[in-house]
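Have a look at the structure below before the remarks.
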Amino acid sequence: MDSQDSVQSLEESLIKKLNEDPSDFNILNKLGYIYLHSNNLSKSEEIYIRSIVIESNQFEPYVSLGLICTITGRLSRALYFLIKAKQQSPNSDDIENSIDEIKEAIVNKDSKLSKEETDKSLAEAKIYLDNNSFDYALYEYLRLECFFPEDEVILNNIGVTLFKNQDFDIAKDYFEKVLSINNNNPISHHYLGLLYNIFEDFGNAKNHITKSLELKPAFADFSGNGKYGHYKKDYDEEYIENCYFCSSSNFKVINVLNQSSSSFNFNVINPLRSWNKCLNCELIFSNPVPSENAINKYLFELDLNTKKIFDFDIERHIFESNTSNDRLNIIENYIETSKMLDISPNNEVFTSVAKIRGWETNQKKYNELLLKEPESIRKLGKSKKTKEVNKIINTYNLITYWEGFEKNINIKETLEKIHTLLDKDGLFAFSFHGVDTYISQSLGKNHPVWFYSDYFYFFSTEIIKKELAKAGFKIKKIQVLSRKYLSNVEFYCTK
């Protein structure tokens, strides 16, 4: 058997093994090596790409891909793969030398770039980046870096492209390189804050986000147009010493972020937010929290702005109408149409649908429930208060609280008040973004809950069960609602 037959036999054997286990990247690497040394470069490149998709933390495939791209004249792509190889082996002099050689070859190939050529390349790279074509954007930026190795804009753009492509470690290197040139670059501090949050180094995350806000107040501009941006270190807020629910002081930071990156946040509440997890009851809560005045101001502006956003959204209106009917179908399985109170933050659609179906609808904001009781009620003992309260305070057969639990800083008091206002045979129905839903887990730290300024909790189903029991409720039904605009857990409860 000659050498060619031996190679073919080995290739066939590897392909057979690969068919048995397509995720075996070691077999892919061996196959890629055979194709590379048989001068089948396109097939070798395809195989090595499959290998790094399965396992990104490898050295050999990146080196080989760098070689293939160099041979085929795609120098910027070769540069990227060699940088990835260097990430796997930081002390490799051979890789460092290869990177320098590629950069020199790029410069020699294009000679000196004119301003017009540079601007054109930057514009093309931005188009690629804006359209999520990260590879093409990156190759263009890396080519420009060869000519302008200390240009902050180009280096930041490389870092942003790598960040969006989830090449976090290399992105970090580029942002740190910018800060070594100019420590007051707000964009680099901003993205390093995001990266350290991903790495769960929350001290550095907070420091970099804070620095970015100090250097560029527009990063705290909730309107997104640069008009109202501001940032105050001494913002009107309070640090929580103990868990809201179990009073434990044993909790840890699990997320630090600049909430102004969400278009639904407006210029009221401090954008720098930390989230904590109680190590006793596992409640996830925001800390610090804005003062009551800051919250009320925020909610007022939120009402105005959300009306502007959603008033003419016909598709969303239809969705909310259908959801409201689905919820009322469940409710009417337990109780008859009667007097109801809705305390949801945005309750117009649900109450309109309920009214059409024959309910006597009433609306209040949750904080209106917490107004002081009449003096005659406050003086009564607890047992007498329960008997007398219905004579003075209106009660309801149904109380609903949709998509509002996370926004209520006084959950315990609200639940107690709802229990008081609910008829003996009434129903309490509500929903919240559940941390243990599939969508929440898949979104992880990209979940909207983290970013909304008026969200103070991220609940698990078990925590809510415990709080309902403490407040005197019995659970009749729990369901998970995962639809276009919602990913919630819904509870239907009686006294």
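Remember, predicted model here, so these are calculated numbers, not experimental data.
Using modelled atom types, no side-chain atom of Tyr396 and backbone atom of Gly426 make a donor-acceptor pair closer than 3.5 Å. The closest donor-acceptor contact from the side chain of His189 to the backbone of Asn183 lies under 3.5 Å. Not one N or O on the side chain of Asn287 forms a donor-acceptor pair closer than 3.5 Å with the backbone of Tyr239. Distance alone, capped at 3.5 Å, places no donor-acceptor pair between the Glu360 side chain and the Met340 backbone. A donor-acceptor pair is defined here as one N or O able to donate and one able to accept, closer than 3.5 Å; no such pair exists between the side chain of Lys495 and the backbone of Lys474. Without hydrogens or angle criteria, Thr351 side chain to Glu348 main chain gives a donor-acceptor distance under 3.5 Å. Judged by distance alone, the side chain of Asn182 and the main-chain N or O of Val178 form no donor-acceptor pair under 3.5 Å. At least one donor-acceptor pair under 3.5 Å links the side chain of Ser440 to the backbone N or O of Gly434. Asn410 places no side-chain N or O within donor-acceptor distance of the main-chain N or O of Glu413, the cut-off being under 3.5 Å.
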Check: Would Asn57 and Glu55 satisfy side chain to side chain contact (heavy atoms under 4.5 Å, CB included), going step by step from the backbone distance to the final call?
Finding: CA-CA 6 Å; Asn57 294 319; Glu55 175 53 66; 3.2 Å; yes
Next item on the list: Check step by step if side-chain hydrogen bond (donor to acceptor under 3.5 Å, both in side chains) holds for Asn204 and Asp201.
Entry: CA-CA 6 Å; Asn204 272 322; Asp201 183 344; 2.9 Å; yes
Next item on the list: Show the numbers, then the answer: is there a side chain to side chain contact (heavy atoms under 4.5 Å, CB included) between Asn197 and Asn255?
Entry: CA-CA 6 Å; Asn197 187 52; Asn255 206 348; 2.5 Å; yes
Item checked: Stepwise side-chain hydrogen bond (donor to acceptor under 3.5 Å, both in side chains) check, Asn131 with Ser133 -> CA-CA 6 Å; Asn131 287 281; Ser133 298; over 6 Å; no
Notebook entry, point to check: Please walk me through it: do Ser248 and Cys281 pass side chain to side chain contact (heavy atoms under 4.5 Å, CB included)?
Noted result: CA-CA 8 Å; Ser248 171; Cys281 73; over 6 Å; no
Check: So Phe491 and Phe432, ring-ring contact (aromatic ring centres under 6.0 Å, His included) or not? Walk me through it.
Finding: CA-CA 9 Å; Phe491 277 71; Phe432 61 92; 5.8 Å; yes
Item checked: side chain to side chain contact (heavy atoms under 4.5 Å, CB included) assessment of Leu415 paired with Phe405 -> CA-CA 10 Å; Leu415 286 175; Phe405 248 52; 3.7 Å; yes
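Screening Tyr174, Phe175, Tyr141 for a side-chain contact (heavy atoms from CB on, under 4.5 Å) with Leu155, the sole residue that qualifies is Tyr174.
Between Asn242 and Ser247 the shortest heavy-atom distance is ND2-O, 3.1 Å. When all heavy atoms are compared, the tightest approach of Leu427 to Leu422 is O-CD1, 3.4 Å. Closest approach of Lys465 and Ile475 over heavy atoms only: CG-CD1, 3.7 Å. Here the closest non-hydrogen pair linking Leu468 and Cys493 is CD1-SG, 3.8 Å. The shortest heavy-atom contact between Gln58 and Ser51 is NE2-OG, 2.9 Å.
Taking the six-membered ring for Trp and thresholds of 30 and 60 degrees, Phe168 and Phe199 have ring planes more than 60 degrees apart, a perpendicular arrangement. Taking the six-membered ring where the residue is Trp, Phe459 and Tyr457 present parallel rings, their angle staying beneath 30° rather than reaching 60°. The aromatic rings of Tyr196 and His208 lie parallel to each other, with less than 30° between the two planes, well short of the 60° mark. A perpendicular orientation is assigned to the rings of Tyr139 and Tyr136, their planes being inclined by more than 60° (bins at 30° and 60°).
To the nearest 0.5 Å, atom CH2 of residue Trp359 and atom CD1 of residue Ile335 are 3.5 Å apart. With rounding to the nearest 0.5 Å, the separation of OG in Ser274 from CD1 in Ile209 is 8.0 Å. Taken from CD in Glu467 to CG in Leu283, the straight-line distance is 8.0 Å, to the nearest 0.5 Å. Once rounded to the nearest 0.5 Å, the distance linking CG of Asn488 with CH2 of Trp402 reads 9.5 Å.
Side-chain atoms of Asn408 and Tyr401 include a donor-acceptor pair closer than 3.5 Å. Using modelled atom types and a 3.5 Å distance limit, the side chains of Asp423 and Thr395 yield a donor-acceptor pair. Residues Glu241 and Ser249 have side chains that never bring a donor and an acceptor to within less than 3.5 angstrom of each other. In this model, a donor atom of one side chain and an acceptor atom of the other lie less than 3.5 Å apart for Asp342 and Ser344. Side chains of Ser460 and Asp436: no donor on one and acceptor on the other come within 3.5 Å. In summary, the side chains of Asn329 and Arg357 do present a donor paired with an acceptor at a separation below 3.5 Å, with no hydrogens or angles considered. A donor-acceptor contact under 3.5 angstrom links the side chains of Tyr80 and Asp167, judged on distance only. A donor-acceptor pair shorter than 3.5 Å can be found between the side chains of Glu490 and Tyr492.
Ion pairing between a basic and an acidic side chain is recognised when a charged N comes within 4.0 Å of a carboxylate O; Lys177 and Asp173 show no such pairing. Salt-bridge formation is detected for the pair Glu403/Arg327: a Lys NZ or Arg NE/NH1/NH2 atom is positioned less than 4.0 Å from an Asp or Glu carboxylate oxygen.
Contact annotation: the side chain of Leu215 never approaches that of Asn185 to less than 4.5 Å [non-hydrogen atoms, C-beta and beyond]. In this structure, Ile411 and Phe245 have side chains that are in contact, with non-hydrogen atoms separated by less than 4.5 Å. No side-chain heavy atom of Asn276 sits less than 4.5 Å from a side-chain heavy atom of Ile284. Between Cys246 and Cys243, the closest side-chain pair of non-hydrogen atoms falls below 4.5 Å.
In this structure, Phe458 has its ring center at least 6.0 angstrom away from the ring center of Trp275. In this structure, Phe456 has its ring center at least 6.0 angstrom away from the ring center of Phe285.
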